[in-house]
Amino acid sequence: MSTAPKRPTVNVLGLGYIGLPTASLLATRGYQVHGVDVSPDVVATINQGDIHIVEPELDVLVRSAVHSGQLTAATEPAPADVFLIAVPTPFKDGKQPDLSYVEAATRSMAQVLEPGNLVILESTSPVGTTERVAEWIAAARPDLSPDTIHIAHCPERVLPGRIIQELVDNDRVVGGLNDAATEAATDFYRAFVSGEVLPTTARTAEMAKLTENTFRDVNIALANELSLICDRLDIDVWRLIELANRHPRVNVLQPGPGVGGHCIAVDPWFIIDSAPEQSQLIRTARTVNDAKPDHVVAQVISRAERLRDPVIACLGLAYKPDVDDLRESPALRITESLAERGVGRILAVEPYAESMPHRLKELGAEWTNLQDAMQEADILVALVAHRPFRNLSAAQVQAKMVVDACGLLKQLG
Ligand code: SAJ
C-alpha cells in the first residue's frame, strides 16, 4: 500500500498581501503552517480567523485555514521544514533598497533553523539579496554548515485583486544558490502550483522579477508621455491608443494619473541602484510616471480658474481600479494636492474605503458619495475607473467640466 508523501511544515514570515494569502492557501491544501508577523495586532486578528487586508476570497480562505487548525500565527518563528520570507522591501530616502525587514526576518528565523531546511525569499529584492540572506544566516548560526541549508529566491508575481487565483495559476521562477537548493525549492512549488515552475539561478530570478515590473513601468511611461503629447496636440489619447493597438504587434498600455502601489513604482529603482549608468531609459520612465500627478493637478487648476467657487469631485483615491488600497496612490496624492492648494471645495469619493484618510480630513476635503458628488460638482476629476463609476452615463459626466485621468469616459455607455 502506498502512502501519500508527507507535506513539509512551513513558516511564513510576514503576513501581508503576499504572506497571508500564501500561508492560508498552503494551510487549506493540508500543509501545517505557522505564520509569523511582527505586529501582535495582525497575529491576534488572524488567530481569530479574521483578516486585516482586503483581497477577494481571502477572508474565506483564512477562516477555513485557522478553524481547521492548519494555520496558526505568532510573533516568533518556530521550527519547520520550509521558511518563506514575504516581508516588504521598500526603498529608503535616496531610492536605495531597504533590506532591513528581510534581514530582521532572516535573523529571527535563523534561531530555529535545522540542517536540511529550505529557506525561500519571496520578497521582491535587488540582485544579490539571496546571497545576503545566506550571509546573515551564516553570521547568526555559525554552527550550521552553509551547504546543509537550501536557500532560494522565488519572487511573488501575483496581482492584487487576483492574488488567490494567481498564486496557483501563475508560472513561477525559482533560483537557488546552488543546484540542490533550486531543486528543493522547485519541488516545493510544484506540489501546489498549477503553472509551470521554471528553475534558474538566484540572481536571474531576482532580476526576472525586477524586469517584469520595470517592463510595465516603462510601457506605462510611454502611455503617460503620449497623453501629454495628445493634450498638447488636441488628440483623444484613449482613441489614439485603441487605434494604434489594432496593429498586430502593438500593445500600448493605458495612461493614468501616475503609477501607484508598492511594486511598480519601487522595483525599477532596485535596477537603477545596481547599475545606474546603464539604466537611463528605466530612470527616465520613472521620472515621467512620477510627474504625471502634477500634470493632472495643473489640468484641474486651469479649469477651476474659470469658475468663481468651484466644487471639485475627485472620483477614486485608490491606486488602481476596484481595490481599497490607498498606499502610494497617485489619485490620493492629486486629491491632497488640490485640497492643499485651496483650489476649491474638494469632494472625495472612494466607494471602497470606509472613511476619508486623515490627511484629507485635515485639509478640509469632504467625504462624499457618488450621487451627491454628481449633484454638487462643477468639475469631475476621474482618477480611478472603479466599477461603481462605470455605471454613470456618459451624458451625466459630460454635463460637467471633466478631467479624465483614467479613461473613465470611454468606458461609459
Ligand atoms: N497602470 C497604468 N496603466 C496601465 C496599467 C497600470 O497607469 O496600463 C497603473 C495602475 O493604475 C497602478 C499601477 O500602474 O497605479 C500598478 O498597477 P498594476 O495593476 O499594473 O500592478 P500592481 O502594482 O498592482 O501589481 C504588479 C504586478 N506586476 C506586473 O503586472 C508585471 C504583479 O504581477 C506583481 O506581483 C506586483 O506588481 C508586485 O507585487 O510586484
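Heavy-atom basis, side chains included; hydrogens, waters and symmetry copies ignored. One-based numbering, in listed order, for ligands and for the atoms of each.
Residue Q280 places its CD atom among more than 12 non-hydrogen atoms of other residues, nucleotides or ligands, all under 6.0 Å distant.
Of the residues E122, E156, E196, the one that meets the salt bridge (charged side-chain N to carboxylate O under 4.0 Å, His left out) test with R172 is E122.
The distance from atom OH of Y319 to atom CG of D324, rounded to the nearest 0.5 Å, is 10.0 Å.
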Identify all N/O pairs between ligand 1 and the protein with a separation under 3.5 Å and present them as a table of atom names and distances.
| residue | atom | partner | partner atom | Å |
| --- | --- | --- | --- | --- |
| ligand 1 | 3 (N) | Q254 | O | 2.7 |
| ligand 1 | 8 (O) | Q254 | N | 2.9 |
| ligand 1 | 8 (O) | Q254 | O | 3.4 |
| ligand 1 | 11 (O) | Y319 | O | 3.4 |
| ligand 1 | 15 (O) | G260 | N | 2.8 |
| ligand 1 | 15 (O) | Y319 | O | 2.7 |
| ligand 1 | 19 (O) | K320 | NZ | 3.0 |
| ligand 1 | 20 (O) | R216 | NE | 2.7 |
| ligand 1 | 20 (O) | R216 | NH2 | 3.2 |
| ligand 1 | 24 (O) | Y319 | OH | 2.5 |
| ligand 1 | 24 (O) | K320 | NZ | 2.8 |
| ligand 1 | 28 (N) | N213 | OD1 | 2.8 |
| ligand 1 | 33 (O) | R157 | O | 2.9 |
| ligand 1 | 35 (O) | E156 | OE1 | 3.2 |
| ligand 1 | 35 (O) | R157 | O | 3.4 |
| ligand 1 | 35 (O) | V158 | N | 3.1 |
| ligand 1 | 35 (O) | V158 | O | 2.7 |
| ligand 1 | 39 (O) | E156 | OE2 | 2.5 |
| ligand 1 | 40 (O) | K209 | NZ | 2.6 |
| ligand 1 | 40 (O) | N213 | ND2 | 2.7 |

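At least one cation-pi condition fails for R29 and F192: the charged atom is not both under 6.0 angstrom from the six-membered ring centre and inside a 45 degree cone around its axis.
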- Should R157 and E212 be marked as a salt bridge (charged side-chain N to carboxylate O under 4.0 Å, His left out) after you check the CA-CA gap, both sets of side-chain angles, and the distance that decides it? CA-CA 9 Å; R157 40 174 25 182; E212 291 158 19; 2.3 Å; yes
Please list every donor-acceptor pair under 3.5 Å in which a side-chain atom of residues 251-277 meets a protein atom from a residue at least two apart or in another chain.
| residue | atom | partner | partner atom | Å |
| --- | --- | --- | --- | --- |
| Q254 | OE1 | K410 | NZ | 3.4 |
| D267 | OD2 | N213 | ND2 | 2.7 |
| S274 | OG | F270 | O | 3.0 |

